[in-house]
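Structure first, then comments.
The first residue of the sequence shown is numbered 1, and numbering continues consecutively from there.
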Amino acid sequence: MAATIITTEDLREFKMELLDDIKKLLKNQSGQLTKKWLKSPEVRDLLGISPGTLQTLRINGTLPYTKVGGVLYYDYQEIMQLLEKNRVHNKF
């Protein structure tokens, strides 16, 4: 088997390609949470709402949730579906 010599320029090129790939992956994931279940404070931050508004969304059935012990969990995908479903398209 023949030996291959790797130069510093080869390493530099590899590093740049690797960085570009990492940037592409991060760009594709930007704005997306990787967690499936969110707690109330995370949902409030995500939606920019108060604790009272979040409670109202739960009570009137707008936002589904799961309660385990005393902790409320919300499915991230369900929140995104709710936002898409209620999107308003103004025709100006």
Exercise for the section: Could you verify whether a donor N or O on one side chain and an acceptor N or O on the other, from T53 and S50, lie under 3.5 Å apart? Expected result: yes

Practice task
Please test T66 against L72 for side chain to side chain contact (heavy atoms under 4.5 Å, CB included), starting from the C-alpha separation and ending with a verdict.
Solution key: CA-CA 6 Å; T66 301; L72 300 174; over 6 Å; no

Handout entry: Euclidean distance, Q77 CD relative to Q81 CD, rounded to 0.5 Å
Key = 6.5 Å

Practice task
Working to the nearest 0.5 Å, report the span between CG of D10 and OG1 of T7.
Solution key: 3.0 Å

Practice task
With rounding to the nearest 0.5 Å, note down the distance linking CD1 in I49 to CG in D45.
Solution key: 10.0 Å

Practice task
Write down the atom of I79, the atom of V43, and the distance for their closest heavy-atom approach.
Solution key: CD1-CG2, 3.8 Å

Practice task
Determine the minimum heavy-atom distance between R58 and Y74, stating which atoms define it.
Solution key: NH1-OH, 2.8 Å

Handout entry: Gap between atom OG1 of T62 and atom NZ of K85 - 0.5 Å precision
Key = 8.0 Å

Practice task
For the residue pair Y73 and W37, categorise the inter-ring angle as parallel (less than 30°), tilted (30 to 60°) or perpendicular (more than 60°).
Solution key: perpendicular

Practice task
Could you tell me whether a side-chain N or O of D20 sits under 3.5 Å from a main-chain N or O of E17, the two making a donor and an acceptor?
Solution key: no

Handout entry: Qualifying residues under side-chain contact (heavy atoms from CB on, under 4.5 Å), relative to L18, sequence neighbours excluded
Key = F14, I22

Handout entry: Full working for side chain to side chain contact (heavy atoms under 4.5 Å, CB included) between E42 and L46
Key = CA-CA 6 Å; E42 296 166 318; L46 177 67; over 6 Å; no

Handout entry: salt bridge (Lys or Arg N to Asp or Glu O under 4.0 Å): pairs with one or both residues in residues 69-78, sequence neighbours excluded
Key = K36-D75

Practice task
Could you tell me whether the side chain of N86 and the main chain of L82 form a donor-acceptor pair under 3.5 Å?
Solution key: yes

